[in-house]
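Proteins get letters first, then strands, A, B, ... in listed order; numbering begins at 1 in each. Quick caveat, the model's predicted, so the values are computed rather than measured.
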Amino acid sequence: MSNFKSLPGFREFYPEDFAERRFLFQVWRQVARRFSFQEFDGPVLESLELFKAKSGDEIESQLFCFEDKGDREVSLRPELTPTLARMVAARANSLKRPIKWFSIGDNFRYERTQKGRLRCFTQLNADILGEAGPAAELELISLLIQLIQGFGLGQDDFFIRLSDRNLWMLYLEAQGFQEEAPKILEIVDKWERMPEEVAREKLSAIAGERGEGLQASITAFLKVGNLAELSAAFEAVSSGADVGEALQARVDDWSTLLDGFESMGLAGFVEMDLSIVRGLAYYTGFVFEAFDRAKSNRAIAGGGRYNNLIKKMGGPDMPAVGFGMGDVVLADILKERGIMPKFVDTVDAYMVIGGEAERAVALADANALRQSGFSVDYPFKNSGFGKQFKAASASGARVALIYGSEELEKGVVKLRDLNDRSEEDVPRERLMLALRDRLS
RNA sequence: GUGGUUAUAGCUCAGUUGGUUAGAGCACCGGUUUGUGGUAUCGGGGGUCGCGGGUUCGAAUCCCGUUAGCCACCCCA
């Protein structure tokens, strides 16, 4: 055994593992293409500053960063969004809108590994840029739903929690907490994991003697599950600034979006759940996460609107919404439910070869068949027919092509169907056609 | 970063109160039937028992350290 090991949090993909990976990517690409998203990619290594610019200096502790030989501070990418923002910003004026892009690539985070979290993971990223209205959210979230449905998961298996940082801002503003809102949202993000006393303490530190009332109003807001409950919640707190107009516009957006899901027949997948605010302050509107209904896993995917980021990264003012979906949690879920297909790298035909004279003929056919697009395999060494048929079975081939002395004499190849065990002699010049028929 | 837990063959695991050369099943390779395949039979290769130190006449087994895996917290772009 070698003394060399792979680094912590980095995976190796043996052929059977890689087949699962390829399956995930295939489904992702197929579905993304159905939605007319275009695939792109960026550098895996970027300047450290790029990520700090988006997320702040604290991010460095979780980055795979180092100094390169040219004394540049660099980092493996922990996410794709800053790269995407830069790429879009660079050609913002010439890109046809809406911009619908996706990417499948490896990302790196220097963190302690645990279930569903590694140091190198693959993420599907999908973003829509240049559209400020909820049509973008509708398109993106319906893509997200089909991406998961593509693996055979349905309404009973997963759902989307839809929330809105705008509503939270308005709600807090209505209570006179406009400036304190970002800090309050940080607390809301951790609400479920935080004992009530701790929450009260923290809110009091921000809102003084109004902390207790704020805690009650947050608790009420978290229970909102539809638009009627939403307006009721606002009516109950209307003591601060008048947000009536902005609220109405926002409610209209919600209606448009929810109606859209209804039209698409996807309403059963989406739940209004204001407990999702997502920790990142750069989200500016709708935010959402996809969850296993069993809830035993981490979020399958998460995203939201980030209208200020492109400008912050040096680009023009451009609205954007996007999400990321990792391969680790998704693969875990598929395996838990036993719907990860078992894969064998199969071939169309496996050759059974009698001896040296027969081998010369078989090699000629093997090369010709391969050039024509068939996948063909054959044993390197001469051995008994019994052994070769075992190998043929193990290869997953649909048919065995038998090159024996009898066949050689007659100028034919015996074609054996390994499923129904039927056999037929085929003249060598007709082999390609016969094989095509048999495989179709 | 904090805490818990585990570590024996490629995989799943045995291994007695510390006692000779560390085992099994599966997988892999080879032979039995000199032209017919999932489950037959015989054989083979493969392990410094995660690594390092200590206790002991003797350590896979006991003690300490360390690394790695797993799990939870923190964080989650």
Side-chain angles (χ1 to χ4, degrees), chain A residues 1-12 14-17 46 50-56 58-64 75-85 107-119 121 123 125 127 186 189-190 193-194 276-283 287 289 296 298-299 301-304 306 309 313 322-326 328-329 332 344 350-355 358 379 381-409 414-423:
Chain A
M1 200 198 298
S2 168
N3 288 320
F4 294 113
K5 292 179 191 166
S6 64
L7 291 166
F10 284 79
R11 292 170 289 174
E12 295 175 309
Y14 286 86
E16 59 273 25
D17 309 315
E46 293 272 17
L50 178 69
F51 303 117
K52 281 190 181 173
K54 183 202 165 203
S55 308
E58 321 77 54
I59 198 73
E60 188 170 340
S61 66
Q62 305 197 44
L63 292 180
F64 237 107
S75 175
L76 289 166
R77 65 182 180 199
E79 59 164 329
L80 191 64
T81 307
T83 301
L84 166 71
N107 295 283
F108 306 84
R109 295 177 190 175
Y110 200 88
E111 296 181 294
R112 182 71 70 87
T113 62
Q114 60 181 276
K115 186 176 172 65
R117 188 163 81 180
L118 301 168
R119 286 186 173 178
F121 57 95
Q123 216 173 50
N125 238 262
D127 296 86
E186 270 179 48
D189 186 41
K190 298 180 174 60
R193 287 163 283 169
M194 195 182 279
I276 305 282
V277 298
R278 296 189 67 81
L280 280 299
Y282 70 83
Y283 283 117
V287 288
E289 295 182 348
S296 54
R298 311 170 76 85
Y306 50 98
L309 192 62
M313 303 301 293
F323 68 81
M325 172 157 61
V328 184
V329 174
D332 282 349
V344 194
Y350 191 94
M351 290 175 162
V352 174
I353 301 169
E358 293 83 0
K381 291 174 188 161
N382 293 330
S383 64
F385 273 41
K387 179 147 287 194
Q388 294 192 56
F389 276 104
K390 260 182 203 169
S393 285
S395 78
R398 176 73 193 282
V399 301
L401 299 175
I402 303 168
Y403 292 81
S405 54
E406 294 166 21
E407 288 78 12
L408 192 61
E409 234 167 78
K414 183 163 284 174
L415 191 157
R416 179 179 172 89
D417 190 309
L418 290 169
N419 288 348
D420 63 20
R421 302 186 177 222
S422 63
E423 293 186 340

Query raised in the report: Below 4.5 Å, heavy atoms only, C-beta onward: do A:Leu118 and A:Arg11 meet side chain to side chain?
Result: yes

**Report entry** Atom P, compared across B:G53 and B:G1: separation rounded to whole Å
**Finding:** 26 Å

Query raised in the report: Could a donor-acceptor pair under 3.5 angstrom be found where the side chain of A:Arg112 meets the base of B:C71?
Result: no

Query raised in the report: Which is true for A:Pro8 with a 4.0 Å heavy-atom rule: it touches a base, it touches only sugar-phosphate, or it touches nothing?
Result: sugar-phosphate

**Report entry** Whole-Å P distance, B:A7 and B:C63
**Finding:** 13 Å

Requested in this report: Please state how far atom NZ in A:Lys5 lies from atom P in B:U67, giving the value in whole angstrom units.
Outcome: 11 Å

Query raised in the report: Rounded to the Å, how far apart are A:Arg109 CZ and B:C74 C1'?
Result: 15 Å

Query raised in the report: So what does A:Gly9 touch, heavy atoms closer than 4.0 Å: a base, only the sugar-phosphate, or nothing?
Result: sugar-phosphate

Query - Distance, rounded to the nearest Å, where A:Arg119 contributes CZ and B:A68 contributes C1' - result: 11 Å

Requested in this report: Using a 4.0 Å heavy-atom cut-off across all strands, classify A:Ile59 as base, sugar-phosphate, or nothing.
Outcome: base

Report summary line: OG of A:Ser75 to CZ of A:Phe108, rounded to nearest 0.5 Å, is 10.0 Å

Requested in this report: Answer whether the closest heavy-atom distance between the side chains of A:Pro379 and A:Tyr350 falls below 4.5 Å.
Outcome: yes

**Report entry** Any A:Arg398 side-chain heavy atom under 4.5 Å of A:Asn419 side chain
**Finding:** yes

Requested in this report: Could you give the distance separating B:U2 and B:G46 at their P atoms, to the nearest angstrom?
Outcome: 43 Å

Query raised in the report: To the nearest Å, how far apart are A:Phe121 CZ and B:C75 C1'?
Result: 13 Å

Query - Touch class at under 4.0 angstrom, heavy-atom based, for A:Gln388 against every strand present - result: nothing

Query raised in the report: Counting just side-chain N and O atoms, does A:Thr113 come under 4.0 Å of either OP1 or OP2 of B:C70?
Result: yes

Query raised in the report: Given side chains that start at C-beta, do those of A:Phe51 and A:Leu76 come closer than 4.5 Å, heavy atoms only?
Result: no

Query - Distance, nearest 0.5 Å, that separates CD of A:Glu407 from CG of A:Leu415 - result: 11.0 Å

Query - Pairwise C1' distance for B:C51 and B:A60, with rounding to whole Å - result: 14 Å

Report task. Decide yes or no for A:Arg109 and A:Gln62: does some side-chain heavy atom of the first lie under 4.5 Å from some side-chain heavy atom of the second? Result -> no

**Report entry** Rounded C1' spacing from B:C62 to B:U16 in Å
**Finding:** 16 Å

Query raised in the report: Rounded to whole angstrom units, what separation is found between the CG atom of A:Leu63 and the P atom of B:C75?
Result: 17 Å

Query raised in the report: When rounded to the nearest Å, what value does the distance between C1' atoms of B:U8 and B:G69 take?
Result: 15 Å

Requested in this report: Mind calculating the distance between CZ (A:Arg117) and C1' (B:G69) to the nearest angstrom?
Outcome: 16 Å

Query raised in the report: Quick one: CZ on A:Arg416 to CG on A:Leu401, what's the gap to the nearest 0.5 Å?
Result: 12.5 Å

Query raised in the report: Rounding to a whole Å, what distance do you find between A:Gln114:CD and B:G4:P?
Result: 16 Å

Query - Rounded distance in Å between the C1' positions of B:G25 and B:G15 - result: 15 Å

Query raised in the report: Over how many whole Å does the gap from A:Leu118 atom CG to B:A68 atom C1' extend?
Result: 14 Å

Query raised in the report: If the P atom of B:U48 is compared with that of B:U66, how far apart are they to the nearest Å?
Result: 25 Å

Requested in this report: Among residues two or more places apart or on two chains, list those pairs meeting salt bridge (Lys or Arg N to Asp or Glu O under 4.0 Å) that have a residue in residues 75-85 of chain A.
Outcome: A:Asp41-A:Arg77, A:Lys54-A:Glu79

Query raised in the report: Taking atom OH of A:Tyr110 as the centre, does the number of heavy atoms from other residues, nucleotides or ligands within less than 6.0 Å exceed 12?
Result: no

Query raised in the report: How far does CD1 of A:Ile353 sit from CZ of A:Phe385, to the nearest 0.5 angstrom?
Result: 9.5 Å

At a cut-off of 3.5 Å, list every protein nitrogen or oxygen paired with a nitrogen or oxygen from nucleotides 33-39 of chain B, distance to 0.1 Å.
residue : atom : partner  : partner atom : Å
B:G35   : O6   : A:Ser405 : N            : 3.1
B:G35   : O6   : A:Ser405 : OG           : 3.4
B:G35   : O6   : A:Glu406 : N            : 2.8
B:G35   : O6   : A:Glu407 : OE1          : 3.3
B:G35   : N1   : A:Glu407 : OE1          : 2.9
B:G35   : N1   : A:Glu407 : OE2          : 3.2
B:G35   : N2   : A:Glu407 : OE2          : 2.9
B:U36   : O2   : A:Arg416 : NE           : 3.1
B:U36   : O2   : A:Arg416 : NH1          : 3.0
B:U36   : O2   : A:Glu423 : OE2          : 3.4
B:U36   : N3   : A:Glu423 : OE2          : 2.6
B:G37   : O2'  : A:Ser393 : OG           : 3.4
B:G37   : N7   : A:Arg416 : NH2          : 3.1
B:G37   : N7   : A:Arg421 : NH1          : 3.3
B:G37   : O6   : A:Arg416 : NH2          : 3.0
B:G37   : O6   : A:Arg421 : NE           : 3.0
B:G37   : N1   : A:Leu418 : O            : 2.6
B:G37   : N2   : A:Ser393 : OG           : 3.3
B:G37   : N2   : A:Leu418 : O            : 3.0
B:G37   : N3   : A:Ser393 : OG           : 2.5

Report summary line: Writing each nucleotide of RNA chain B 5' to 3' as (, ), [, ], | or . by Watson-Crick or G-U pairing under 3.5 Å yields (((((((..((((.....[...)))).(((((.......))))).....(((((..]....))))))))))))....

